[in-house]
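Everything on this sheet refers to the single structure shown next.
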Number of protein chains: 2
Amino acid sequence: MSRSRDAVHEILRRSESFRSAQDIFTEMRSVGAKIGLTTVYRALQALNDDGRVDVLRTDDGEAVYRACASGVHHHHLVCRACGRTVEVAGPDVERWAEAIGAEHGFVEITHTVEVFGTCADCSGPR
Amino acid sequence: MSRSRDAVHEILRRSESFRSAQDIFTEMRSVGAKIGLTTVYRALQALNDDGRVDVLRTDDGEAVYRACASGVHHHHLVCRACGRTVEVAGPDVERWAEAIGAEHGFVEITHTVEVFGTCADCSGPR
DNA sequence: GACAGTTTTGACAACCGTTTTCATTTTCCT
DNA sequence: AGGAAAATGAAAACGGTTGTCAAAACTGTC
């Protein structure tokens, strides 16, 4: 797993928003790349297994991916208009999740947090 | 929209974990209810539109529903073993999300937060 | 109660994103 | 080069969800 996997990774690194598999596939094809949809899916899961990309589900159940700048735990602030995404750290949230879990007797706490909003560019010059 | 919608709502109120549409459909049928899968889906979206149930997506993209006890904003602490769910409030998280958004020039902030863990019953008596 | 009009229902087909299959191609190693 | 193993992609299979459309269940009115 290598050639196409790097290509997919490259696309994601150049994007600053979450992209769907089909979306990536279309872009690659339109640029002339000879790649199959299946391979894009496989590359994405491989990249995700390696922790090189973040995945999340849109409200309609589609999986969207993004190359994460850091391998460490973080969350996303996503513009609902243009899709621009900022990685944010949330030590307070991590602590809160742990505390909430402990309070109810839960162990091995994990959590998912996504923040949405409209960025300055999209809401500003009205 | 009434008969079956109430039936679906009732099932959810009796469950303390998130349920999928198909899951609910199967249960209703096994109890002898004469209802179609389509109707279950319709009832669920209607209930969701009315803010009577919470929806979230599992990692494999399936939509799961739960009757929320309160109409006010809250989050969930879900046992990954038995699915038991506790509603939790997180004023700190709300503030954090607002702050993070503002810091990056985003407005109209919303967020999704789900906490997962293993509950006492499922991890305790080893 | 009968009737016309509206709403709800459900079997079935259509959708759509994702995964599997499997035969072909490419890569890697010696 | 030669052969085994990994990667690829077209097409088919899958699974959850939504659309279609005719039949059934309510509505309110005479």
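Numbered from 1 within each chain, the chains take letters A, B, ... in sequence-line order. Note that these values count all heavy atoms, side chains included, but never hydrogens, waters or copies made by symmetry.
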Original post:
So what does B:Ser20 touch, heavy atoms closer than 4.0 Å: a base, only the sugar-phosphate, or nothing?
Top reply: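 Answer is nothing: B:Ser20 stays at 4.0 Å or more from every strand.
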Please report the distance, rounded to the nearest Å, between [atom1] in [X] and [atom2] in [N].
X: B:Arg3; N: D:dT27; atom1: CZ; atom2: C1'; answer: 14 Å
X: B:Arg42; N: C:dA11; atom1: CZ; atom2: C1'; answer: 11 Å
X: A:Arg57; N: D:dG16; atom1: CZ; atom2: P; answer: 12 Å
X: A:Asp60; N: D:dG15; atom1: CG; atom2: C1'; answer: 16 Å
X: A:Leu44; N: D:dG9; atom1: CG; atom2: P; answer: 13 Å
X: A:Asp6; N: D:dT8; atom1: CG; atom2: C1'; answer: 15 Å
X: A:Leu37; N: D:dT8; atom1: CG; atom2: P; answer: 14 Å
X: B:Asp59; N: C:dT18; atom1: CG; atom2: P; answer: 14 Å

Original post:
Are A:Glu98 and A:His111 close enough that a side-chain donor and a side-chain acceptor fall under 3.5 Å?
Top reply: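 There is no such pair (donor and acceptor under 3.5 Å, judged by atom type) between the side chains of A:Glu98 and A:His111.
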Original post:
Do the side-chain N and O atoms of A:Arg66 and A:Ser17 include a donor-acceptor pair separated by under 3.5 angstrom?
Top reply: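 On atom types as modelled, these side chains do not qualify, holding no pair under 3.5 Å.
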Original post:
Where the side chain of A:Thr39 is concerned, which of C:dG17, D:dT8, D:dG16 is the nearest nucleotide?
Top reply: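 Per side-chain heavy atoms of A:Thr39, the pick is D:dT8.
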Original post:
So which nucleotide from C:dT18, D:dG9, D:dA10 ends up closest to the side chain of A:Ala21?
Top reply: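 The closest nucleotide is C:dT18.
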**OP:** Spell out yes or no: do the side chain of B:Thr38 and the base of D:dG19 have one donor N/O and one acceptor N/O closer than 3.5 Å?
**Re:**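 Indeed, a donor on one side and an acceptor on the other fall under 3.5 Å apart.
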Original post:
Is the CG atom of B:Asp59 crowded by more than 12 outside heavy atoms at less than 6.0 Å?
Top reply: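 Atom CG in B:Asp59 is not crowded, with 12 or fewer foreign heavy atoms closer than 6.0 Å.
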Original post:
So does A:Gln45 get a side-chain nitrogen or oxygen closer than 4.0 Å to the phosphate oxygens (OP1/OP2) of C:dT19?
Top reply: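 Looking at the OP1 and OP2 atoms of C:dT19, one of them is under 4.0 Å from a side-chain N or O of A:Gln45.
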Original post:
Any side-chain N or O of A:Tyr41 less than 4.0 Å from the OP1 or OP2 oxygen of C:dT18?
Top reply: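 Yes, because at least one side-chain N or O of A:Tyr41 sits under 4.0 Å from OP1 or OP2 of C:dT18.
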Subject >> Reported CG-to-CZ distance for the pair B:Leu37 and B:Arg42, which is rounded to 0.5 angstrom >> reply: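 These two atoms lie 10.0 Å from each other.
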**OP:** Take the angle between the ring planes of B:Phe18 and B:His76 and call it parallel below 30°, perpendicular above 60°, tilted in between.
**Re:**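 If you compare the ring of B:Phe18 with that of B:His76, the planes turn out perpendicular.
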